[in-house]
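To start, the structure under review is shown below, and the notes come after it.
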Amino acid sequence: MSDLDTWWRDVGNAALLGTARRPVPPLPDLGRAGVLASAEGRPREEALLDAAALGGAALRAGRRLEHADPPDAAPDDRRPVAPRLAVQLLELVMTQPPAGAAQRTGLLVHWLQAADDSGCRVPHALLPTLLALATGARELRRPTAAVLDERGRWLAGLRDEWSWVEGAAAGAEARTASRTEGTPPDPDEWARLPSPDRIAVLAGVRAHDPGAARELVRLTWSTDSARDRRAHLEALRIGLGPDDESLLEVGLDDRAGTVREAAAELLDALPDSARAARMAARLRPLVRRTGLLGRGVEVTLPDEPDPAALRDGLGKPPPRRSARGWWLEQICAGAPLDIWVELAGADPSATLKRLTDAQATDVLAGIRRAARSRRDPEWAAALLERGWDAALVPALPREPRERVVLRRVDATSERAHEIGAVVGSVDPPWSADFSVALVSRLRASKVGSTMVVASMPHLLAGLHPAALDPLERWIESTGADQILLTNLRNLLQFHSVKRSITEAFR
């Protein structure tokens with residue numbers, strides 16, 4: 001950093017903290033500009049204003065490069081520039097975001113991903129603006145690095161504040177190859193990738209070739225940190241299947257408790273695994289039918305776990321939890337759900353109604369976890385009959401899921417603080433029918449403005465284009481509620497621009 005840069009930073013600190021707490025720095029040598037320092041003894045406030053004026057003029061005037069050697073020429077770009085309409089939309093989003101500055105990042109991420117999927121790059125004229133925006137917003141860095149191409153990376157190498165591009169670009173190449181082709185990186189490249197990029201690469205490879213992704217995890221398992229080992233196991237949720245069981249059993253023996261917990265949670269999702277059979281064997285002696293007709297179900301608490309049970313996850317309970325109740329929940333979460341039909345002699349809905357003893361709370365908590373992790377629609381529907389649980393909704397098929405959520409929206413129409421969690425239980429993108437129906441219900445609510453604000457992140461992520469016409473009609477009929485009007489306009493503009501971006505790359 002030059003003397004001028006240091007001085008200008010100190011001037012800013014004095015302005016921020018006040019001249020009573022931070023003195024105004026003396027004027028540095030401005031070279032041939034011939035600017036002389038003012039006389040001593042003048043007020044500090046005046047000195048600060050003079051420094052700000054001089055610094056602003058110096059920044060506008062620019063300065064000579066600190067070295068005379070020009071940089072090497074940029075390599076030729078390998079990607080074609082984005083289509084003309086897409087470039088116009090990018091410039092609009094960067095300089096005058098149509099849905100408001102708060103939504104600019106979301107639109108930029110969508111543009112950058114669409115460009116990467118199309119194999120395009122950012123035009124040279126917009127590179128400095130984009131690099132500056134991505135420097136200030138970390139979520140833009142990796143998608144930006146993916147579409148800079150050779151000229152953009154060359155440009156980034158000329159400024160220290162853009163040094164993040166080098167690492168992000170290496171990860172972006174591996175992420176793009178894994179996402180579009182399912183191509184795993186070679187072992188050396190995998191070992192060098194930063195942790196966040198590894199997760200993205202694993203997800204991309206996993207979607208195409210689960211076995212190849214599993215082998216990537218094995219490659220560096222012995223040298224990875226506990227944090228990375230856990231994150232890599234979590235990435236195996238994509239396409240989780242019986243072939244992953246051996247690696248998860250290794251995870252049960254890991255030296256880190258967080259890794260053992262992750263392995264146990266993933267094995268909960270495999271009802272045909274050896275661990276599930278071990279949990280079923282622990283559950284059977286605890287359950288018995290009661291009543292003259294055997295229509296009651298009573299569950300007793302388990303005894304102290306042996307070493308094998310400790311390995312399977314029956315360890316120390318969370319704070320303020322009964323140890324034996326926690327062990328019972330763990331057993332129920334890991335055992336196959338079909339065992340309840342066998343032990344109770346009834347279907348899921350009837351079985352749940354028969355659980356009325358003192359241990360029912362722990363048993364139901366375990367069954368809920370099993371239904372969520374295995375996405376079992378029958379058990380999820382039966383549990384939702386007993387009470388709302390947003391985490392169970394994704395286990396239902398799409399149409400029943402949307403019906404359940406719309407009914408819940410009707411039930412919470414006067415409790416706006418709940419609406420975000422309710423609509424967020426439907427994964428985006430939403431269907432046309434659900435989107436239109438949701439907009440209709442929000443419009444009919446007495447607290448529609450508050451509900452729109454509470455559900456805005458989900459409306460931005462999930463709303464189907466079919467709901468844009470109802471949104472326009474809602475805007476036309478909105479009265480004096482300026483907060484609602486502003487949010488609806490931003491929502492409409494966001495999705496209109498997003499759709500235009502998608503179409504511009506077709």
Side-chain angles (χ1 to χ4, degrees), residues 82-94 96-118 120 139-140 143 147 179 393-394 396-410 419-445 448-449 451-478 483-506:
R84 182 177 59 83
L85 178 57
V87 171
Q88 292 173 349
L89 289 168
L90 174 61
E91 189 168 11
L92 175 68
V93 171
M94 288 197 302
Q96 296 176 328
Q103 311 308 334
R104 177 168 56 191
T105 297
L107 288 173
L108 281 176
V109 168
H110 181 68
W111 192 99
L112 295 167
Q113 290 175 343
D116 190 25
D117 290 342
S118 299
C120 297
E139 57 268 42
L140 287 175
V147 294
R179 186 179 72 251
V393 175
L396 301 176
R398 176 165 287 277
E399 289 187 9
R401 183 190 324 167
E402 294 177 347
R403 287 197 300 269
V404 165
V405 169
L406 289 174
R407 286 198 298 268
R408 186 64 182 178
V409 169
D410 292 336
I419 192 68
V422 173
V423 300
S425 62
V426 181
D427 297 335
W430 299 337
S431 71
D433 290 343
F434 177 75
S435 298
V436 171
L438 179 60
V439 169
S440 175
R441 282 163 168 78
L442 294 176
R443 181 177 179 178
S445 172
S449 179
M451 294 182 82
V452 167
V453 172
S455 58
M456 182 61 80
H458 306 294
L459 293 169
L460 290 168
L463 206 63
H464 190 278
L468 299 188
D469 286 341
L471 266 181
E472 287 192 69
R473 292 194 292 272
W474 189 0
I475 290 171
E476 292 169 359
S477 65
T478 299
I483 294 177
L484 175 61
L485 185 59
T486 298
N487 279 294
L488 291 179
R489 282 176 174 167
N490 285 342
L491 182 60
L492 179 63
Q493 290 175 346
F494 179 90
H495 281 285
S496 296
V497 174
K498 187 176 180 180
R499 180 172 59 180
S500 296
I501 290 171
T502 300
E503 292 173 350
F505 281 100
R506 287 177 179 167

Next item on the list: Walk me through it: do Thr486 and Arg489 pass the test side-chain contact (heavy atoms from CB on, under 4.5 Å)?
Entry: CA-CA 5 Å; Thr486 298; Arg489 282 176 174 167; 5.9 Å; no
Note to self: Is the shortest side-chain heavy-atom distance between Val404 and Arg407 below 4.5 Å?
What the structure shows: yes
Item checked: From Leu471 atom CG to Leu488 atom CG, the distance as rounded to the nearest 0.5 Å -> 6.0 Å
Check: Taking C-beta and beyond as the side chain, do Ser496 and Leu468 meet within less than 4.5 Å on heavy atoms?
Finding: yes
Notebook entry, point to check: Taking C-beta and beyond as the side chain, do Leu442 and Trp474 meet within less than 4.5 Å on heavy atoms?
Noted result: yes
Next item on the list: Tell me, with the steps shown, if Leu463 and Val439 meet side-chain contact (heavy atoms from CB on, under 4.5 Å).
Entry: CA-CA 9 Å; Leu463 206 63; Val439 169; 4.1 Å; yes
Item checked: Euclidean distance, Phe505 CZ relative to Gln113 CD, rounded to 0.5 Å -> 11.5 Å
Checklist line | Donor-acceptor contact below 3.5 Å, side chain Ser431 vs main chain Phe434 | finding: yes
Note to self: More than 12 heavy atoms of other residues, nucleotides or ligands under 6.0 Å from CZ of Arg443: yes or no?
What the structure shows: yes
Checklist line | Side-chain heavy-atom pair Arg408, Val393 within 4.5 angstrom cut-off | finding: no
Check: If you take all heavy atoms of Pro83 and Cys120, which pair is closest and at what distance?
Finding: CD-SG, 4.1 Å
Notebook entry, point to check: CD of Glu399: more than 12 outside heavy atoms within 6.0 angstrom?
Noted result: no
Notebook entry, point to check: Which heavy atom in Leu484 sits nearest to a heavy atom in Val452, and how many Å separate them?
Noted result: CD1-CG2, 4.0 Å
Check: Is there a donor-acceptor contact under 3.5 Å from the side chain of Asn487 to the main chain of Ile483?
Finding: yes
Checklist line | Minimum heavy-atom distance His495-Leu460, with the two atoms named | finding: CE1-O, 3.1 Å
Note to self: Strictly distance-based, threshold 3.5 Å: is any side-chain N or O of Ser445 a donor or acceptor partner for the main-chain N or O of Arg441?
What the structure shows: no
Margin query: How long is the straight-line distance from CG of Leu89 back to NE2 of His110, given to the nearest 0.5 Å?
Written below: 10.0 Å
Notebook entry, point to check: side-chain contact (heavy atoms from CB on, under 4.5 Å) between Arg104 and Leu107: does it pass, once the steps are laid out?
Noted result: CA-CA 5 Å; Arg104 177 168 56 191; Leu107 288 173; 5.9 Å; no
Check: Does the side chain of Gln493 come within less than 4.5 Å of Asn490's, by heavy atoms?
Finding: yes
Item checked: Closest heavy-atom pair and its distance - Ser425, Pro394 -> O-CG, 3.7 Å
Item checked: Euclidean distance, Asp116 CG relative to Trp111 CH2, rounded to 0.5 Å -> 10.5 Å
Next item on the list: Write down the atom of Glu139, the atom of Val109, and the distance for their closest heavy-atom approach.
Entry: O-CG2, 4.1 Å
Next item on the list: Find out whether Val423 and Leu459 are in side-chain contact, i.e. whether some heavy atom of one side chain is under 4.5 Å from a heavy atom of the other.
Entry: no
Check: Are the side chain of Ser118 and the backbone of Ala115 linked by a donor-acceptor contact shorter than 3.5 Å?
Finding: no
Item checked: Trace of the side-chain contact (heavy atoms from CB on, under 4.5 Å) decision for Val426 with Trp430 -> CA-CA 7 Å; Val426 181; Trp430 299 337; 3.6 Å; yes
Next item on the list: Of all the heavy-atom pairs spanning Met94 and Leu108, show the shortest one and how long it is.
Entry: CG-CD2, 3.7 Å
Note to self: With rounding to the nearest 0.5 angstrom, report the CG to CD distance, Leu485 to Glu476.
What the structure shows: 11.0 Å
Check: In Å and rounded to the nearest 0.5 Å, what is the NZ to CD distance from Lys498 to Gln103?
Finding: 11.0 Å
